[in-house]
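Worksheet: one structure, shown below.
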Amino acid sequence: GWGAGQVALKPDVFVVGNVITRGNPLMEEILDRNLPYVSGPQWLRENVLNGTWVVAVAGTHGKTTVASMVAWILESAGLAPGFLIGGVPANFGVSARPGRNEGGFFVVEADEYDTAFFDTRSKFVHYPARTAVLNNLEFDHADIFPDLAAIETQFHHFVRTLPAGGLIVANGADAALARVLARGCYTPVECFGVSDGWTAAAAAPDGFDVLWRGGKQGRVRWALQGAHNQANALAAIAAARHCGVAPAQAIPALCTFEGVKRRMEVRGVAGGVTVYDDFAHHPTAIAATLEGLRAQVNSARVIAVLEPRSNTMKSGVMKDRLAASLASADRIYCYSAGLQWDAAAVLAPLGAKAQAHADFDRLLAAIVRSAKPGDHIVVMSNGGFNGIHDKLLAGLGGKAGR
């Protein structure tokens with residue numbers, strides 16, 4: 001809880017997360033008593049990051065996956081990195097740990113969201129990165145940023161903190177990142193996704209070749225879906241090389257990368273139907289998730305189940321892009337409770353294959369009724385979605401037995 005009585009614990013310092021606002025009973029007591037407090041990112045820098053080689057992974061999409069890949073590559077090379085990641089890498093089973101080597105490597109997911117109510121700078125400006133990944137940049141977090149230009153300014157501030165002896169690994173095909181770097185950059189840059197940088201070639205369902213300026217470095221063999229994960233891998237390989245791990249070491253490590261929980265994680269199979277859990281909650285990520293699944297399952301039916309849960313999605317800022325992002329699915333179900341826009345109207349261009357339900361139980365029943373053996377149901381939400389995955393599997397199992 002947030003009771004003011006918690007000051008009786010007499011901690012050395014209160015670490016204040018960015019969800020805490022003025023009016024919070026404990027926060028008000030801390031302020032009234034002039035007790036010591038600090039933001040999470042500042043505490044992390046002062047107590048964990050200082051003196052380490054920080055690999056900071058930033059971008060609208062893919063931060064969790066790239067950070068997980070880098071951490072696993074460094075771990076496979078015997079470097080025992082510390083990490084703080086906004087998800088659970090399956091290879092580690094935990095989302096954070098201190099490094100086992102003092103002064104060694106630390107991989108951090110570097111978010112552009114604000115730091116705290118008393119520090120509205122983006123969190124990543126607190127992270128003293130030596131290796132920085134800029135994966136992509138789109139408009140998001142409409143609750144704190146008015147437009148894309150405002151986010152670009154925060155990325156510019158981050159870039160200005162990076163040392164001349166460091167490295168920026170940037171998506172060379174991203175126009176917004178190009179604008180950020182053009183505003184002033186004191187750090188060398190390596191790009192991926194462009195011919196004079198890191199590229200993927202000979203892509204197949206089981207993997208792809210890694211090229212550096214046209215020269216083959218090796219082949220990643222794995223089961224991860226989508227071109228977006230190929231780009232994530234290129235960024236991770238480039239970042240790891242800057243840390244001293246050659247592509248010849250990094251590529252075999254990625255062949256054993258098991259992915260991240262809630263990133264196309266198979267939650268189970270019931271009645272011949274496979275149910276996936278995915279964190280996608282932005283139109284670009286939704287489209288990438290569905291396209292990757294489509295490439296893997298070919299003509300099998302894909303059923304997309306979406307909970308637009310983030311503040312940005314609830315507000316309707318992204319609604320005009322939503323129908324197109326879902327178009328590759330065979331059936332679409334949207335949970336519309338609490339939205340500030342008409343989901344049925346937004347999905348109307350998709351025709352009869354799309355439905356919106358404000359009642360969760362009706363949504364669940366409609367999905368179970370429509371599912372057939374061989375289908376793939378991908379649930380996309382950045383929250384728990386009322387435990388829908390287990391409820392779907394239970395419903396599908398019961399349906400199969402009738």
In the structure I gave you, are the side-chain heavy atoms of [X] and [Y] within less than 4.5 Å of one another anywhere?
{"X": "L35", "Y": "I30", "result": "yes"}
{"X": "V210", "Y": "P247", "result": "no"}
{"X": "R45", "Y": "V54", "result": "no"}
{"X": "E109", "Y": "V57", "result": "no"}
{"X": "V269", "Y": "V275", "result": "no"}
{"X": "M27", "Y": "F14", "result": "no"}
{"X": "N229", "Y": "F257", "result": "no"}
{"X": "V66", "Y": "V70", "result": "yes"}

For the CZ atom on R183, are there more than 12 heavy atoms of other groups (residues, nucleotides or ligands in this structure) within a distance under 6.0 Å? yes
Are more than 12 heavy atoms from other residues, nucleotides or ligands located less than 6.0 Å from atom OH of Y113? yes
Within the distance-only criterion (no hydrogens, no angle test), does the side chain of [X] pair as donor or acceptor with the backbone N or O of [Y] below 3.5 angstrom?
{"X": "R294", "Y": "N298", "value": "yes"}
{"X": "S95", "Y": "G86", "value": "no"}
{"X": "N47", "Y": "W43", "value": "yes"}
{"X": "T187", "Y": "L162", "value": "yes"}
{"X": "D278", "Y": "M380", "value": "no"}
{"X": "T65", "Y": "G62", "value": "no"}
{"X": "K63", "Y": "G59", "value": "yes"}
{"X": "D119", "Y": "R121", "value": "yes"}
{"X": "Q217", "Y": "G215", "value": "yes"}
{"X": "N232", "Y": "H228", "value": "yes"}

Let me see the working for R33 and E28 under salt bridge (Lys or Arg N to Asp or Glu O under 4.0 Å), right down to the final yes or no. CA-CA 9 Å; R33 296 195 184 199; E28 293 302 315; over 6 Å; no
In E265, H376, R267, H389, the residue satisfying side-chain hydrogen bond (donor to acceptor under 3.5 Å, both in side chains) with Y276 is H376
Going through the distances and angles, do T153 and H157 end up as a side chain to side chain contact (heavy atoms under 4.5 Å, CB included)? CA-CA 6 Å; T153 295; H157 292 163; 3.6 Å; yes
May I ask you to decide whether K391 forms a salt bridge with D361, counting only side-chain N to carboxylate O separations under 4.0 Å? no
Considering only NZ, NE, NH1 and NH2 on the basic side and carboxylate oxygens on the acidic side, decide whether D111 and K123 come within less than 4.0 Å. yes
Taking the six-membered ring for Trp, are [X] and [Y] closer than 6.0 Å centroid to centroid?
{"X": "F155", "Y": "F124", "result": "yes"}
{"X": "W212", "Y": "F192", "result": "no"}
{"X": "H282", "Y": "H61", "result": "yes"}

Could you please spell out the steps behind the salt bridge (Lys or Arg N to Asp or Glu O under 4.0 Å) verdict for D196 and R213? CA-CA 5 Å; D196 61 344; R213 294 178 175 170; over 6 Å; no
For the NE2 atom of H156 and the CG atom of L177, what is their distance to the nearest 0.5 Å? 14.0 Å
Find the distance between CG (L181) and CD (E152) and round it off to the nearest 0.5 Å. 10.5 Å
Nearest heavy-atom pair of [X] and [Y]: which atoms, and what distance?
{"X": "A239", "Y": "V169", "result": "N-CG2, 4.0 Å"}
{"X": "W53", "Y": "C243", "result": "NE1-SG, 3.7 Å"}
{"X": "P163", "Y": "A129", "result": "CD-O, 3.2 Å"}
{"X": "L26", "Y": "G3", "result": "CD1-O, 3.7 Å"}
{"X": "P308", "Y": "C334", "result": "CG-SG, 3.8 Å"}

Which residues pass the ring-ring contact (aromatic ring centres under 6.0 Å, His included) test with Y333, sequence neighbours left out? none
Take L84 and R97 through the side chain to side chain contact (heavy atoms under 4.5 Å, CB included) test and state the conclusion after the steps. CA-CA 7 Å; L84 177 60; R97 76 176 191 192; over 6 Å; no
Of the options F106, F105, W72, which is the one that meets P81 in a side chain to side chain contact (heavy atoms under 4.5 Å, CB included)? F105
What's the verdict on side chain to side chain contact (heavy atoms under 4.5 Å, CB included) for V260 and V88, showing C-alpha distance, side-chain angles and the deciding distance? CA-CA 6 Å; V260 183; V88 181; 5.6 Å; no
Would you call the rings of F360 and Y335 parallel, tilted or perpendicular if under 30° counts as parallel and over 60° as perpendicular? perpendicular
Please determine, by modelled atom types, if [X] and [Y] share a side-chain donor-acceptor pair under 3.5 angstrom.
{"X": "S122", "Y": "E112", "result": "no"}
{"X": "S76", "Y": "Q249", "result": "no"}
{"X": "S381", "Y": "E307", "result": "yes"}
{"X": "S315", "Y": "Q340", "result": "no"}
{"X": "Q355", "Y": "H357", "result": "yes"}

Output, in order, the C-alpha distance, side-chain angles, deciding distance and verdict of side chain to side chain contact (heavy atoms under 4.5 Å, CB included) for S325 and T284. CA-CA 7 Å; S325 73; T284 298; over 6 Å; no
Could you tell me which residues satisfy salt bridge (charged side-chain N to carboxylate O under 4.0 Å, His left out) with R160, sequence neighbours excluded, listed by chain and number? none
